[in-house]
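The structure under discussion appears below in the form of structure tokens.
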Amino acid sequence: MAELTNVILTASKWILPALAVWLLLRCVRSMLQENCEPELWAWLEFQDGSKAPLKHWECIIGRFSGCDVVLPHASVDRTHAALIRSDTGNWRLYDLGTDGGTAVGARRDTGSGLDVHDGSVLFFSDVGAVFRPLDNKQLLENSSRRAMPGQYISQGMTLLLLTIFQTLLTLQFVSGQARTHAANIALGFAALCLLQWSFYLLMRAMDRRGFEIETLAFFLCTLGLAVTATAAPEEIGKHLLLLAAGIVLFMFLGWWLRDLRRTKIMRWPIGLAALGFLALNLVAGTTTNGATNWLSIGGFSLQPSEFVKIGYIYVGAASLDRLYRSRNLLLFIAFSAVCVGALALMGDFGTALIFFATFLVISFMRSGSFATVFLAVAGAALVGFLVLTVKPYIAQRFATWGNIWADPYGAGWQQTRALSAAAGGGLLGVGAGRGWLHTIFAADTDMVFCLLSEELGLIIALCAVLALAGLSLFSVRTAAGGRSVYYVIAACAASAMMLVQLALNVFGSTDILPFTGVTFPFVSRGGSSLISCWALLAFLKAADTRQNASFSVKLATRRRGNGAADANSEVILAEEVEET
């Protein structure tokens, strides 16, 4: 029996990293290399006979080279007008505070916008264009030429590789854990496999073919379950329930984002709810390790700031019919200042830094101004100095940065042990459940990268990092062909939030950056963080406009058997080949 155990452990040590790398490459290749053709919604026909395609629901028109429609005329402002399509198919033109003005025929926009129809003549200062939207038939014909994901890389096979990875990981645990924990761990990984395959089959039943984002998330959750099995095997059932809750929230938010009108209406109620969470935390929160960022409700502990992340991005991305409007941006700046200020008062410096980095991404995408970002950074530097002055706990962490080995039995206790354990794991690790770092406080949360490196090896730990980096690259790639500015900003902001959180966790635990005590997305043990990460993933999913890729995107109206379009149905998206 001992010989069989050694064989399993030795073989799996080599196979697990290979499977992780193979799975990661398949997902990233499918997301970044497969065709991602932009959608086409309308045309602008100019007097000289040229035509400009409208590939988004919110198109910026102006002289600036970054505009969706570039008009290189001196009379046209850098960002002159916004031509916006509602999710009911109606178009509206907005002037963006220009001197030359914006008009539809003889009507000039005074700030409230003008309705645009097929054949309407639009004027941008003295430059005229005729608006030509695509009809239902043209939308369906254009969609039929767009490639579907999964044509070159089978996503079912990729999920099968993940299942094999999970099976081998289970064998590592079972061969090393006590019998009572071994059974609990085996059942936990079996439940995770059942959950991911059920979700995959549900998506296929809905004719959805893009599953790379979820596969990477399930890979990270597999590592998170391994962390729980190592540090607290008795809480595996609770961890799986929280994971299931996160997936339910992911699906609900994805469905909710399908309707931009509903999304826009609810942005301020959700913003007020986020501020209410922070206020409740300030009044009734409990202090842990210097930060008052926990609430205890009915025997359960949660971090409200994790759920505020969802509301923050939900509100921050809601530009819609106020693109590049200074008043709307100022309201968001005030909202951000309250959020970051509340987190600073709680002493949660790491989360405040994550919110601020996300604010920079959103503010730049909504204003297009480096000056706005520069002023925000200057203001944050002043606030950061004040926080370090009045919060000695945070100042102590900065003082320890880069000097952990000077006091390995004091301020540098956690990080020196983490680095030693990670070095001991090498490339392949000592085996799941066979490390010692999990006995150190916060090893399964704030220093989980080193815990992964010790038990599963540096290769798998780096694959976890690259998985989140791949999600971020995908959100940037989809930005060019995004349907709505809301989806684009939300996806980029959500990926930036997770990427900054990842960097603070990994670099903080390895003493490259100050130790801020934030979690590794999807991997660190903790229900609030796990649920919020799945919710943030819904924003990335909503921005995926590949044909039949996202359940957050409505498919085109199907045609009846006689070939006539259903007059009572509304074509929301040309994404499905005509069915007969």
Side-chain angles (χ1 to χ4, degrees), residues 41-47 52-87 90-117 120-131 133 260-261 263-264 267 315-335 360-376 479-480 482-490 492-493:
W41 299 100
W43 294 91
L44 287 181
E45 299 177 353
F46 295 96
Q47 297 170 348
L54 301 180
K55 300 178 181 179
H56 314 282
W57 282 5
E58 295 99 16
C59 297
I60 300 300
I61 301 167
R63 194 176 70 251
F64 176 49
S65 59
C67 292
D68 301 298
V69 178
V70 179
L71 301 180
H73 298 272
S75 61
V76 177
D77 283 30
R78 283 174 57 82
T79 53
H80 194 99
L83 187 55
I84 298 178
R85 180 189 189 274
S86 70
D87 52 4
N90 298 319
W91 291 82
R92 198 167 178 85
L93 181 66
Y94 293 88
D95 182 78
L96 298 179
T98 63
D99 295 328
T102 303
V104 177
R107 297 172 300 155
R108 180 165 175 161
D109 179 35
T110 57
S112 58
L114 299 170
D115 289 331
V116 178
H117 306 284
S120 295
V121 180
L122 315 183
F123 289 97
F124 311 99
S125 188
D126 57 356
V127 178
V130 178
F131 176 74
L260 277 178
R261 283 183 298 178
T263 300
K264 173 186 173 182
R267 69 180 186 268
V315 173
S319 23
L320 297 174
D321 62 342
R322 291 292 183 266
L323 294 172
Y324 293 173
R325 294 291 181 92
S326 59
R327 177 178 176 272
N328 198 41
L329 184 60
L330 290 174
L331 288 174
F332 173 64
I333 291 174
F335 175 67
L360 294 182
V361 173
I362 295 176
S363 61
F364 176 72
M365 295 186 72
R366 287 179 56 172
S367 67
S369 171
F370 281 106
T372 301
V373 175
F374 176 78
L375 290 174
R483 171 173 309 147
S484 168
V485 172
Y486 181 89
Y487 298 138
V488 171
I489 294 178
C492 291

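Numbers here simply count residues along the sequence, with the first being 1.
Across all non-hydrogen atoms, the minimal contact from S484 to L260 is OG-CD1, 3.5 Å. Between G316 and I489, the shortest heavy-atom distance links the atoms O-CG2, 4.5 Å. What you find for V70 and S65 is that their closest heavy atoms are CG2-O, 3.9 Å. Closest approach of C67 to I61, counting heavy atoms only: SG-C, 4.2 Å. Taking every heavy atom of both residues into account, F123 and G128 meet most closely at CD2-CA, 3.9 Å. Scanning all heavy atoms of the two residues, the minimum distance from A42 to P133 falls at CB-CA, 3.6 Å.
A 4.5 Å side-chain heavy-atom check between L71 and H80 finds every atom pair outside the cut-off. At a threshold of 4.5 Å between non-hydrogen side-chain atoms, the residues K264 and Y486 do not count as touching. Annotation: side chain of L54 is not in contact with side chain of D68 (no heavy-atom distance under 4.5 Å). Proximity of V69 to F124: side-chain heavy atoms (C-beta onward) are nowhere separated by under 4.5 Å. For the pair T102/L93, a side-chain contact is recorded, criterion being any heavy-atom separation below 4.5 Å from C-beta on.
The aromatic rings of W57 and Y487 lie tilted to each other, with the angle between the two planes from 30° to 60°.
Taking OG from S125 and CG from D99, the interatomic distance works out to 9.0 Å, rounded to the nearest 0.5 Å. I84 CD1 to N90 CG: the interatomic distance, rounded to the nearest 0.5 Å, is 13.0 Å. Separation of atoms CD (E58) and CZ (R85) is listed at 10.5 Å; rounding is to 0.5 Å.
Residues that satisfy the salt bridge (charged side-chain N to carboxylate O under 4.0 Å, His left out) test with D115, not counting sequence neighbours, are R92. With sequence neighbours excluded, no residue forms a salt bridge (charged side-chain N to carboxylate O under 4.0 Å, His left out) with R63. Under the side chain to side chain donor-acceptor pair (under 3.5 Å) criterion, T98 pairs with D95, not counting sequence neighbours. For S120, the side-chain contact (heavy atoms from CB on, under 4.5 Å) partners at least two apart in sequence or on another chain are V104, V116, H117, L122. Remark: F131 engages W91 in a ring-ring contact (aromatic ring centres under 6.0 Å, His included) (not counting sequence neighbours).
Judged by distance alone, with hydrogens and angles left aside, the side-chain atoms of H73 form no donor-acceptor pair with the main-chain N or O of G62 at under 3.5 Å.
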